[in-house]
Amino acid sequence: MRSHRCGELRAEHIGQDVELAGWAWRQRDHGGLVFVDLRDSSGLAQVVISPEVAGDIHNHAHAIRNEYVLRVKGRVRRRPEGTANPNLPTGEVEIEVHRLEILNECKTLPFLIDEGPEPSENLRFRHRYLDLRRPSVQNHLVARNRIVSHIRSFLDHEGFIDVETPVLNRSTPEGARDYLVPSRVNPGSFYALPQSPQLFKQILMVAGFDRYYQIVKCFRDEDLRADRQPEFTQVDLEMSFVSEEDVMGLTEAMIRHVFRQLLEKEIGEIPRLPFRDALERFGSDKPDLRFGLELRDMADLVRNSSFKVFLDTLGRGGRVKAICVPGISGYSRKDMDVLTEEAQGYGAKGLAWIRVKDTGFESPIAKFFPEETLKAMAARMEATAGDTMLFVADQPAVVAETLSRLRGSLARRLGLIPEGEYRFAWVTEFPLLEWDEELGRHQAMHHPFTAPVDEDLERLESGRREDLDAVRARAYDLVLNGFEVGGGSIRVHRADVQERMLGVLRIGPEEARDKFGFLLEALQYGAPPHGGLALGLDRLVMLMVGASSIRDVIAFPKTQKAVCPLTDAPSRVDPKQLRELHIRLDIPGD
RNA sequence: GGAGCGGUAGUUCAGUUGGUUAGAACGCCGGCCUGUCACGCCGGAGGUCGCGGGUUCGACCCCCGUCCGCUCCGCCA
């Protein structure tokens, strides 16, 4: 149908007869001359239809509308002196049309396929086939493909084997809510879609595959966010006879490879940040390291004051921490009130502040502190004239949450975040377990198959709550610009430790045997030490292309209500289908 | 489940203390135009102001409810 692609035509093609096909991106109809920018996936080419060359074609040319599908035959020629378009790769040439064929017409568009202001996401996704015609959107998927292909070639080269695992699985306890699929041939029984291929990849290690990977869809029936939707893609990998260092080292090499290939960026050594430090310094286990504004503990200095709010908080086991924000000492009292409201929105009871000026300190609470304490505070925060120190006093979790979010929102507002920068970190030494107030027991922070640090094994045995709280996991998260883009661990490879772990989670021997007896059994047949990691591909791609939502890098995304606007999934089904599955609906108010 | 913001022409948005006929830009339709490239010029059509109820002489505007979208909390081993 075509001899060339629109975007590839250059001066070297001048004089050649070519055939092109594509969409009418824009028409400039002068009554006499008609210009059409013809677009295909490679780019744009200007075709010119003039009455002298072909009178009858010229009449048809007036009928061309936006997004008509055209095929043209003609000769490439240099554009006349002074009419070249330096903004187009094909701008030196144009095609003098000898034959024009309208392959298909196009209804009036629901929105402009342009790079101007975007229509609502809902409309874009309902007509995703039009939205995806925009080069900028298409480029996201092109980039995604490149990233995947670099990851594959890297892992293939490293000796990893891609093995497919089942999509119809057993439902397992713990973790996110499962998507369930009823089994017709087993009435009353359900499959669960995988939250990740976790158990299968461990089984593959027992089977001796040594190095496994898969780029695979995972499903979690939880509420959506800008960086979360119910089906998402993981780069899942697992290795045998490895330590944390091996998995992190390999992942780093892979990340380095992908960034070099796609963005021509060098990712240096990725720093390690123990969980505890991350929480202390940034108030978050996925800190954005592109800017400072670190949290500092002020408890010892605050004790030397008469400020009751702080003292009481410390007395109740709370904490007093602060961040130092540069250049906002000019904020008015009203501005500070707005900031305080923001902090309260994050859970804090209030926000205390001290302005640092050439002339001294300004603050409603300054009077409670001796001058040398104020100076010591400023020194600890490395605050200089023009800065403002923001204090939060509360229970530890509230202090961390509030200051972490304040830190992020102020950095964004003040333009402290450098564009185009990628700051990775490994967050390590996570707690193995987390106390769940509601359930009255511990939960696995990562998942129940994560190995404890060897030295902490005794504490796991003890079973006392404080001991269990202190057990560290051999787990690691990969964090990029404030997003968790990956996580993994060294797994339990001994059946006795695994059983102990399940015991701590109050999963009795019977339930354990029922829910994942197959894994416990497999671990008894010479399971090698092993570990691995999963990368969130959608998030990684989102960050690499500079998108602000994973929906921008997913071809057919779902809305916040987990609906696909294109197909209107999910939908009601025919009662016959339900009868076959022995399912009766019981919907309140239906 | 909760909080915030939004829903007005095909699209992106504006809309006066509640007051006659709800506007702009782009798009669309018609006409003119032989060097444009966001072509230009002239003319035109196009509105259930998300939906339902209430207050009022009168509602895009105020109140209540509801639906949808986005962001966040909860949730996300």
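The analysis underlying the following values was restricted to heavy atoms, covering all of them including side chains, and did not include hydrogens, waters or symmetry mates. Proteins come first, then strands; the chains are lettered A, B, ... in the order of their sequence lines, and each starts at number 1. As the structure is a prediction and not an experimental result, all values here were calculated from the model.
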Separation between the [atom1] atoms of [N] and [M], rounded to whole Å:
N       : M       : atom1 : result
rC68(B) : rG31(B) : C1'   : 42 Å
rG44(B) : rG27(B) : C1'   : 14 Å
rA45(B) : rG52(B) : P     : 28 Å
rU11(B) : rC28(B) : P     : 14 Å
rG6(B)  : rA14(B) : P     : 10 Å
rU21(B) : rG15(B) : C1'   : 15 Å
rG19(B) : rC63(B) : P     : 15 Å
rU8(B)  : rU12(B) : P     : 8 Å

Take atom [atom1] of [X] and atom [atom2] of [N], then tell me their distance rounded to the nearest Å.
X         : N       : atom1 : atom2 : value
Asp178(A) : rC76(B) : CG    : C1'   : 13 Å
Glu401(A) : rC73(B) : CD    : C1'   : 9 Å
Glu342(A) : rC73(B) : CD    : P     : 13 Å
His58(A)  : rC33(B) : NE2   : P     : 10 Å
Arg65(A)  : rC29(B) : CZ    : P     : 5 Å
His62(A)  : rG30(B) : NE2   : P     : 13 Å
Leu224(A) : rG69(B) : CG    : P     : 11 Å
Asp131(A) : rU11(B) : CG    : C1'   : 13 Å

Any N/O donor-acceptor pair, [X] side-chain to [N] base, under 3.5 Å:
X         : N       : value
Arg551(A) : rG69(B) : no
Arg225(A) : rG74(B) : yes
Asp223(A) : rG74(B) : yes
Arg405(A) : rC72(B) : no

> Can Arg413(A) and Ser409(A) be counted as having a side-chain donor-acceptor contact under 3.5 angstrom?
Replying inline: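 Indeed, the side chains of Arg413(A) and Ser409(A) share at least one donor-acceptor pair under 3.5 Å.
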> Are a donor atom and an acceptor atom from the side chains of His98(A) and Glu96(A) found within less than 3.5 Å of each other?
Replying inline: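 His98(A) vs Glu96(A): donor-acceptor pair found between side chains.
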Any carboxylate oxygen within less than 4.0 angstrom of a Lys/Arg side-chain nitrogen, looking at [X] and [Y]?
X         : Y         : value
Asp114(A) : Arg134(A) : no
Arg5(A)   : Asp40(A)  : no
Arg170(A) : Asp514(A) : yes
Arg78(A)  : Glu92(A)  : yes

Under 3.5 Å on both distances, the Watson-Crick or G-U partner of [N]:
N       : result
rA24(B) : rU12(B)
rG46(B) : none
rG40(B) : rC32(B)
rG19(B) : rC57(B)
rA3(B)  : rU71(B)

> Would you find a donor on one side and an acceptor on the other, under 3.5 Å apart, between the side chain of Thr402(A) and the backbone of Val399(A)?
Replying inline: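 Pair absent, no side-chain N/O of Thr402(A) close to backbone of Val399(A).
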>> Nearest heavy atom decides the nucleotide; on that basis, is Asp227(A) or Leu109(A) closer to the 5' end of RNA chain B?
In response: Leu109(A)
>> Nearest heavy atom decides the nucleotide; on that basis, is Glu222(A) or Ser548(A) closer to the 5' end of RNA chain B?
In response: Ser548(A)
Do [X] and [Y] come close enough that some side-chain heavy atom pair is under 4.5 Å?
X         : Y         : value
Ile507(A) : Pro173(A) : yes
Arg75(A)  : Val18(A)  : no
Arg26(A)  : Phe35(A)  : no

Expected rows: protein N/O vs nucleotides 65-68 of chain B N/O, under 3.5 Å:
none

Report which part of the nucleic acid [X] touches: base, sugar-phosphate, or nothing (heavy-atom distance under 4.0 Å, all strands).
X         : answer
Thr172(A) : nothing
Arg78(A)  : nothing
Gln443(A) : nothing
Gln560(A) : base
Leu123(A) : sugar-phosphate

> For the rings on Phe516(A) and Phe449(A), is their centre-to-centre separation under 6.0 Å?
Replying inline: yes
> With a cut-off of under 6.0 Å to the ring centre and 45° to the axis, is Arg441(A) in cation-pi contact with Trp435(A)?
Replying inline: no
> When rounded to the nearest 0.5 angstrom, what is the spacing between CD in Glu94(A) and CD1 in Ile14(A)?
Replying inline: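 Reported to 0.5 Å precision, the distance equals 10.0 Å.
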>> Please encode protein proximity along nucleotides 36-45 of chain B as a string of B, S and -, counting only heavy-atom distances under 4.0 Å.
In response: BBSB------
For nucleotides 4-7 of chain B, list the nitrogen or oxygen atoms of the protein found under 3.5 Å from its nitrogen or oxygen atoms, one pair per line.
none

>> If the test is side chain to side chain donor-acceptor pair (under 3.5 Å), which one of Gln498(A), His530(A), Glu238(A) qualifies with Arg491(A)?
In response: Glu238(A)
>> So if I apply the ring-ring contact (aromatic ring centres under 6.0 Å, His included) rule between Phe275(A) and each of Trp426(A), Phe282(A), Tyr476(A), Phe430(A), which one comes out positive?
In response: Phe430(A)
